[in-house]
**Student:** 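Just passing along the structure, written as structure tokens.
Quick caveat: nothing in here was measured; it's all calculated off a predicted structure. To find a chain, count down the sequence lines: A is the first, B the second, and so on, and within it residues start at 1. These numbers come from the heavy atoms of this one structure, side chains and all, not from hydrogens, waters or symmetry mates.
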4 protein chains.
Amino acid sequence: MNKKLGRPRSEETKKSILTAAYELLSENGFNAVTIEGIAARAGVSKATIYKWWPGKAAVVLEGYFAATQLLMPIPDTGSVAEDLLIQVGNLSSFITSPKGKMITELIGAGQFDARIANEYRSRFFIPRRLISRGILERGIQRGELREDIDIELAIDILFAPLFYRLLITGDPMDNDFIKALIQDVLKGLTR
Amino acid sequence: MNKKLGRPRSEETKKSILTAAYELLSENGFNAVTIEGIAARAGVSKATIYKWWPGKAAVVLEGYFAATQLLMPIPDTGSVAEDLLIQVGNLSSFITSPKGKMITELIGAGQFDARIANEYRSRFFIPRRLISRGILERGIQRGELREDIDIELAIDILFAPLFYRLLITGDPMDNDFIKALIQDVLKGLTR
Amino acid sequence: MNKKLGRPRSEETKKSILTAAYELLSENGFNAVTIEGIAARAGVSKATIYKWWPGKAAVVLEGYFAATQLLMPIPDTGSVAEDLLIQVGNLSSFITSPKGKMITELIGAGQFDARIANEYRSRFFIPRRLISRGILERGIQRGELREDIDIELAIDILFAPLFYRLLITGDPMDNDFIKALIQDVLKGLTR
Amino acid sequence: MNKKLGRPRSEETKKSILTAAYELLSENGFNAVTIEGIAARAGVSKATIYKWWPGKAAVVLEGYFAATQLLMPIPDTGSVAEDLLIQVGNLSSFITSPKGKMITELIGAGQFDARIANEYRSRFFIPRRLISRGILERGIQRGELREDIDIELAIDILFAPLFYRLLITGDPMDNDFIKALIQDVLKGLTR
DNA sequence: TCCTAATCGAGACGGTACGTCTGGTCTTGAG
DNA sequence: CTCAAGACCAGACGTACCGTCTCGATTAGGA
């Protein structure tokens, strides 16, 4: 029952595949990436890629997240409004940057492949939700926010507009937009 | 200067192509649709399809919107909360129905092809925004809503969470969700 | 029972089709000619061409022979050898000229379409055979040739080598070749 | 400098392609053969065919010559007339047989594609010329033939009439024709 | 030191769809 | 009835990737 027989997997090969995948993604976009292209650029056989990943989406995803350091500073200024401004602002900056815009295509591809969707949910969205949850909970404890709010729903309301503009309307997101968004959500639309 | 030279375009052919495209879309999903498949089912030559549409996305889109009667009743109950409940509830029902779920894939495809995005924006989203704008404007006139709100932003905040769940988190949308969403947005999160 | 109903066939149209066909043949070769190309250049509808000719081969053939004045001077010098030298030499000059080389392709096409073969046989080969037959018959009458020869066979023997080189070996044909050919055929190979 | 990298070419695949090409050629003629048809019958991908051959002509040609055992018995009876009777007779039998008649179409296609022409020249015609050259040289050595004849020209004169009838006039070739042909060429047409 | 088993490159292969092209037919309305 | 315009079906073209497969050449640890 020896598990270590045979030639071990080459870490270098893996790295070069992920690098190639990421480069091709950022150069030409998700659709233009092909397994053959990755293999060629990485100096690797197609079979090797298929050995370790089920398909193009998986390699590209992994390449993307391996290359993308997701800095997530946890704001804690003592004010919900301030914290959210920082947190939402950071996300907004990220998703309008070149790296962030690739997320657009990955979400697009995720509509056709549940594995992709799972990947970016667990890698990208869930970690951020945890931070947001912390911000809101502190706000409740400090008495800034109502005690009866559904935190998950609140997070949806706060962040959804960013992706709505990104994925659907294509409208731009500037600082004023972020400020107005948070103010409106906190204060409500009614008098 | 006679514009009516030559054999006129066959409306029947056009219809059968769009029908075939829509059927294949609903049976197998966007990715599985092929021009060859459409041509075969419609009993039409591939060349005819390429004559009139630049590619698969365009045919499928047009087939989808031709087949989808977008009922958009305009609610006007005298209460913003009521009107929004109806309007957001209708949309929610639609996008969780089989027909509506195809929108998911179309938006996904729209991330790779701006023409698709333009299509569903102008055909699907813009008409709905007009209705929502009406609801909110009446709310302002009646004094239910603050006078200083940015209506476009408000619409984003109200509808974005639906698509956020649909496209990204995959969380379900029930009636309670809709109610809580509208209440939160109207009242705000603060005490 | 009026036979002259409707618009009469336009001779001009016919002419422009044949001209276009011939031009395209000489510019790009038989294979590159298409009915669509002829129609475009002649400013004519494809249907019109199909109305009057069964297919591309027929139009091109007719265009070729309409444009090619087949000068066939009938040599009668009083000597079989002289007459043949002129007759075979003329043919050789013709089939190695640009116009003549098209014959090559027409014969090639004739291998796939019996109608083409019939056309060039009756238009090109039979008329020439008549002349050759005259030459040989006069030779027999003058006692230059044996009385028992099969004239048809003799014609084959005299002319076949030209086409053999043209169609199969690709070897060149100069004056010496023609002279030697006729001499050999007349004298025989034996001592 | 290792030449044996990668999966080796499958001989079986190659064989099935050539067989399919030959079968389709003999069933329907050269023009009706398509790469798609060959691929389908051979149970092979089109890409594989294009990998190894530049186009239909090349595959069909190779399939034809692979399937056609070109028996070329070398006659040596001690008499030029006898030897030629056998040699020309053999060729005549071959080119009027079903297999041989396909040559007709290949030569036809050769008028449009020099690669085809090269192929049948080197595979079919040159080997036969060598034999004929041997026959004639022996005839000269034995004193049956004149010493000053141009052997290449003589071969043309002897064989060209067969192809002239085959490709151009369509006239039949029986035994008497062969006999008369050889007699005439050997004796000459003059008294 | 050799053995064993897995990994890796190269690249052939069957498939499938692409978007283009031409052939030949059909449908208008004008002449 | 003829014709130009041009839509239409049919089907092959040659290309691009897919995902699988066969090779032979490595590359370890264990015998």
**Student:** Which of residues 12-36 of chain D sit near DNA chain F, with a heavy atom under 4.0 Å from it?
**Tutor:**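 Residues of residues 12-36 of chain D under 4.0 Å from DNA chain F: D:T34, D:I35, D:E36.
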**Student:** Of the residues in residues 37-52 of chain A, which ones touch DNA chain F at a heavy-atom distance under 4.0 Å?
**Tutor:** A:K46, A:A47, A:Y50
**Student:** Between B:T13 and B:W52, does a side chain to side chain contact (heavy atoms under 4.5 Å, CB included) hold up when you go through it step by step?
**Tutor:** CA-CA 11 Å; B:T13 293; B:W52 301 106; over 6 Å; no
**Student:** Mind checking salt bridge (Lys or Arg N to Asp or Glu O under 4.0 Å) for D:K46 and listing every partner two or more places apart, or none if nothing turns up?
**Tutor:**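 Result, salt bridge (Lys or Arg N to Asp or Glu O under 4.0 Å) vs D:K46: D:E36.
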**Student:** By nearest heavy atom, map D:G6 and B:G6 onto DNA chain F; which one lands nearer the 5' end?
**Tutor:**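 Closest to the 5' end, via its nearest nucleotide, is B:G6.
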**Student:** How long is the line joining CD of A:E11 and C1' of E:dT7, in whole Å?
**Tutor:** 13 Å
**Student:** Identify every side-chain donor-acceptor pair in residues 100-114 of chain A under 3.5 Å, counting partners at least two apart or on other chains, and give the distances.
**Tutor:**
| unit_1 | atom_1 | unit_2 | atom_2 | d |
| --- | --- | --- | --- | --- |
| A:T104 | OG1 | A:K101 | O | 3.3 |
| A:E105 | OE1 | A:F30 | N | 2.6 |
| A:Q111 | NE2 | A:I107 | O | 3.0 |
| A:Q111 | NE2 | B:L167 | O | 2.9 |
| A:D113 | OD1 | A:R115 | N | 3.0 |
| A:D113 | OD1 | A:R115 | NE | 3.3 |
| A:D113 | OD2 | A:R115 | NH2 | 3.2 |

**Student:** Parallel, tilted or perpendicular: which describes the rings of D:Y22 and D:Y64, with under 30° parallel and over 60° perpendicular?
**Tutor:**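 The arrangement is tilted - the two ring planes meet at 30° to 60°.
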**Student:** For the base of E:dT27, is there a side-chain donor-acceptor partner from B:R7 under 3.5 Å away?
**Tutor:**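 No such pair is found, so the answer is no.
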**Student:** I'd like to check the ring pair (Phe, Tyr, Trp, His ring centres under 6.0 Å) partners of D:F124; sequence neighbours left out, ordered by chain and number.
**Tutor:**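 Here the qualifying residues are D:F94.
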**Student:** With the threshold set at 4.0 Å, does a side-chain nitrogen-carboxylate oxygen contact exist between C:R41 and C:E27?
**Tutor:** yes
**Student:** Using modelled atom types and a 3.5 Å cut-off, is there a donor and acceptor pairing between side-chain atoms of C:K99 and backbone atoms of C:T68?
**Tutor:** no
**Student:** Using whole Å, report how far NZ of B:K56 lies from C1' of E:dT20.
**Tutor:**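 Checked: the NZ to C1' distance equals 19 Å.
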**Student:** Taking salt bridge (Lys or Arg N to Asp or Glu O under 4.0 Å) as the definition, give me every residue that meets it alongside D:R121, ordered by chain and number, with sequence neighbours left out.
**Tutor:** none
